[in-house]
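In listed order, ligands and their atoms are each counted from 1. Note: hydrogens, waters and symmetry copies are ignored here, and every other heavy atom, side chains too, is used.
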Amino acid sequence: MPSAHLERVSFWFDSLDAVPEPEPPAELPAQADVAIVGGGFTGLWTAYYLKCLEPSLDIAVLEAVTLGFGASGRNGGWCMGMASKVDHLLEDPVQRDGGVRLMRAMMKTVDEVARICQAENIDCHYAKGGTLSVASAPFAAPRLQREVTEYAAYGLGDYCEWLPADESRRRINCSRNYGAIHTPHCAAIHPARLVRGLGEAVRRRGVRVFESTPVVDVMGKRVTTARGTLSADAVIRATEGYTDSLASHKRRLLPLYSLMIATEPLPQGVWDEIGLKARETFDDQRRVTIYGQRTADGRLAFGGREGYRFGSKRKPFVTPEEAGFESLEASLRQMFPVLDGRAVTHRWGGLMGVPTSWRPSVSFDRDAGFGAAGGYVGEGVAASNLAGRIMADLVLGRDTDITHLPWVEDAGERWPFEPLRWLGATAMTFLGNQADRVELTQGRPSKFWGSLFAGLTRYLL
Ligand SMILES: Cc1cc2nc3c(=O)[nH]c(=O)nc-3n(C[C@H](O)[C@H](O)[C@H](O)COP(=O)(O)OP(=O)(O)OC[C@H]3O[C@@H](n4cnc5c(N)ncnc54)[C@H](O)[C@@H]3O)c2cc1C
């Protein structure tokens, strides 16, 4: 287990009022009504809604390090009304209705997070300025415009709009900007303030939190730790990119790294140049995703997906010396030349969980007393709230609108053994990077690398 110095987790941890110290291990109860493994957004939202619906439940959250130590305390802070692979559902006439209902539920979830923050007095610097998805080459603009038209054709015309280049540049003055999709359904947040505030909210409601308590395995209703076993009527796995740490759950979710950097606070003059007045989050539609937000204290926090390590290796911290940070910083500076001479003060990274279906799932087997939620593929800030609400309903046997959404009982298969996982994931990152490089440097579609990437993704998804 990592020692303290948890400011290394992320800029977000470093900028909390006090850097968290993991609580020492406490004696575990033999029994609880519900045991939740993992103290990130998924585990805590599940605990929160269970307690709201059934205050008498005895709920224990078991967390290996400290609340928010995983992706929830490290992410880009996009609380977005969208989730991984909803587009696949929308494109398929058979699954379209479920896709539309899911989109509507996700759009509402952005406001639900705001509602709870207000009710529980969680100041997570929430700013619902929407997202700008920029066309970084002229050829990308018609494709993005088509996407807007398609959403409208699915009855989701209120999801997004097309901004022509001049309007888009007024919102975000980045180096290659040929127009953008704007959706109002996204808020920029400080994720560590949200996850730690949520932790306090569940404790206030009587949830017992056990930090410094790595779980070794979960089998049905039994949770095994190095310090003993806990039995519960319902056990929920909420371990996302770290799921391989549970002996019986290996290869369920592929751990993929995502990296982030943050600049020093930027003066108003720099922000006058860049824009993002409403703290809109932004990306530019490249295959190996980049994402950014203007933080409440005036920094640019910028991230990019990185890749997979052989054998699903998981490191507690990503060190600032890792090679991927150089190209991430180069992308940031290329997008915003006005940052010349401005320092990057923080570098960190974390793990996302990827299921074979590339879309989240929430499942609960009443007979086995076991449930699992996650697989957000790096898009889980808001999605974990919806997943937590669904899980609470499933555990309590409630038949609601959200228990009929397409994520329910949709867990993918296990990933194959090595070296297949490494080969597939590495090839995808390589081909995606090659195609992006050609398109960004030459301003034309990359037919060769792009079609290899598309072929491989079709094969793998
Ligand atoms: C760098 C980065 C940027 C991202 N940016 C965004 C973004 O901008 N927007 C967005 O929507 N999503 C983003 N994501 C994804 C998002 O952060 C996650 O989907 C979300 O936080 C998942 O929450 P979770 O609770 O399921 O998992 P986690 O937050 O990873 O929590 C899992 C917890 O389980 C604990 N744990 C694991 N194994 C055990 C065990 N055996 N015993 C006990 N405890 C255990 C871990 O310590 C951890 O605290 C990003 C992810 C990363 C890594």
Side-chain angles (χ1 to χ4, degrees), residues 1-2 9-12 22 35-47 61-84 106 109-110 113 131 186-189 191-192 194-195 198-199 210-218 223-226 236-247 249 253 255-261 281-283 289-293 301-306 314 316 318 324 328 347-354 360 362 372-388 391:
M1 186 190 309
V9 165
S10 63
F11 157 68
W12 311 114
I36 297 173
V37 183
F41 288 140
T42 303
L44 294 175
W45 284 125
T46 303
V61 173
L62 287 77
E63 163 56 47
V65 186
T66 190
L67 298 185
F69 180 77
S72 301
R74 306 180 187 224
N75 58 70
W78 288 41
C79 179
M80 57 204 268
M82 173 51 93
S84 180
M106 281 305 309
T109 298
V110 181
V113 171
T131 287
C186 184
I189 60 149
L194 177 57
V195 72
L198 196 53
F210 297 89
E211 294 197 332
S212 307
T213 305
V215 170
V216 181
D217 203 5
V218 174
V223 178
T224 309
T225 76
I236 308 303
R237 187 191 78 204
T239 45
E240 194 63 355
Y242 305 82
T243 300
D244 264 35
S245 62
L246 302 171
H249 300 253
L253 293 171
L256 279 194
Y257 284 87
S258 204
L259 303 183
M260 287 209 71
I261 54 181
T281 56
F282 63 91
D283 67 16
T289 318
I290 55 105
Y291 46 91
Q293 74 145 290
F302 187 74
R305 296 214 175 143
E306 203 240 355
R314 305 170 310 280
V318 177
L328 186 61
R347 291 176 162 191
W348 72 98
L351 286 174
M352 327 176 305
V354 183
V362 186
Y376 309 107
V377 195
E379 299 182 1
V381 171
S384 56
N385 172 283
L386 179 59
M391 183 60 89

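Closest to atom 24 (P) of ligand 1, if we only count protein heavy atoms, is T42 OG1, 3.4 Å. In terms of protein heavy atoms, atom 34 (O) of ligand 1 is closest to G38 CA, 3.2 Å. Here the heavy atom of the protein found nearest to atom 23 (O) of ligand 1 is S72 OG, 3.2 Å. Scanning all protein heavy atoms for the shortest distance to atom 9 (N) of ligand 1 gives W78 O, 3.0 Å. The protein non-hydrogen atom at the shortest distance from atom 31 (O) of ligand 1 is G40 CA, 3.6 Å. The protein heavy-atom contact nearest to atom 50 (C) of ligand 1 is N75 CB, 3.2 Å.
Each of the following atoms of ligand 1 lies closer than 4.0 Å to a heavy atom of L62: 43 (C), 44 (N). The contact set between ligand 1 and R74, taken as ligand atoms under 4.0 Å from a residue heavy atom, comprises 1 (C). Using a 4.0 Å cut-off to heavy atoms of L246, the atoms of ligand 1 that qualify are 41 (N). Of all the atoms in ligand 1, the ones that sit under 4.0 Å from a non-hydrogen atom of G350 are 53 (C). Close approach of ligand 1 to V215 is summarised as follows: ligand atoms under 4.0 Å from at least one heavy atom of the residue are 40 (C), 41 (N), 42 (N), 43 (C). The contact set between ligand 1 and A64, taken as ligand atoms under 4.0 Å from a residue heavy atom, comprises 43 (C), 44 (N), 45 (C). Of all atoms in ligand 1, numbered sequentially from 1 with element shown, those under 4.0 Å from a heavy atom of F41 are 21 (O), 25 (O). In the vicinity of G378, heavy-atom distances shorter than 4.0 Å reach the ligand 1 atoms 6 (C), 10 (C), 12 (N), 13 (C), 14 (N), 15 (C).
In this structure the side chain of T225 never reaches within 4.5 angstrom of the side chain of F210, judged on heavy atoms. Side chains of F41 and N75 form a contact here, defined as non-hydrogen atoms less than 4.5 Å apart. Side-chain contact check for V113 versus W45: some heavy-atom pair is nearer than 4.5 Å.
Atoms CG and CZ, on L259 and R347 in that order, are 9.5 Å from each other to the nearest 0.5 Å. Note: T42 OG1 to R237 CZ = 11.0 Å, rounded to the nearest 0.5 Å. Of the inter-residue distances, the one linking I189 atom CD1 with M80 atom CE reads 12.0 Å to the nearest 0.5 angstrom. Annotation: the span from L44 atom CG to N385 atom CG amounts to 11.5 Å, rounded to 0.5 Å.
Contacts of L351 with ligand 1, taken as heavy-atom pairs under 4.0 Å, involve the backbone alone. Of all the heavy atoms of S384, none lies under 4.0 Å from any atom of ligand 1, so neither backbone nor side chain is involved. Looking at E63 against ligand 1, both its backbone and its side chain come within 4.0 Å, counting heavy atoms. With a 4.0 Å cut-off on non-hydrogen atoms, A238 touches ligand 1 through its backbone and not its side chain.
Residue contacts with ligand 1: V216 is excluded, as none of its non-hydrogen atoms falls under 4.0 Å. Ligand 1 lies nowhere less than 4.0 angstrom from a heavy atom belonging to G349. Distances shorter than 4.0 angstrom do not occur between any heavy atom of G303 and any atom of ligand 1.
The closest donor-acceptor contact from the side chain of T243 to the backbone of G241 lies at 3.5 Å or more, if one exists at all. At least one donor-acceptor pair closer than 3.5 Å links the side chain of E240 to the backbone N or O of Y376. The closest donor-acceptor contact from the side chain of E211 to the backbone of P22 lies at 3.5 Å or more, if one exists at all.
Note: F11 and W348 have tilted aromatic rings, judged against thresholds of 30 and 60 degrees for the angle between ring planes.
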Please step through side chain to side chain contact (heavy atoms under 4.5 Å, CB included) for the pair S258 and R305, ending with a clear verdict.
-> CA-CA 4 Å; S258 204; R305 296 214 175 143; 4.0 Å; yes
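When every heavy atom of F69 is checked against every heavy atom of P316, the shortest pair comes out as CZ-O, 3.7 Å.
Remark: ligand 1 and A71 share an N or O pair separated by less than 3.5 Å (distance only, no angle test).
The side chain to side chain contact (heavy atoms under 4.5 Å, CB included) with Y242 is formed by just one residue from the set L351, V37, V65, L253; it is L351.
Looking at Y257, Y376, Y242, it is Y242 that brings a heavy atom closest to atom 37 (C) of ligand 1.
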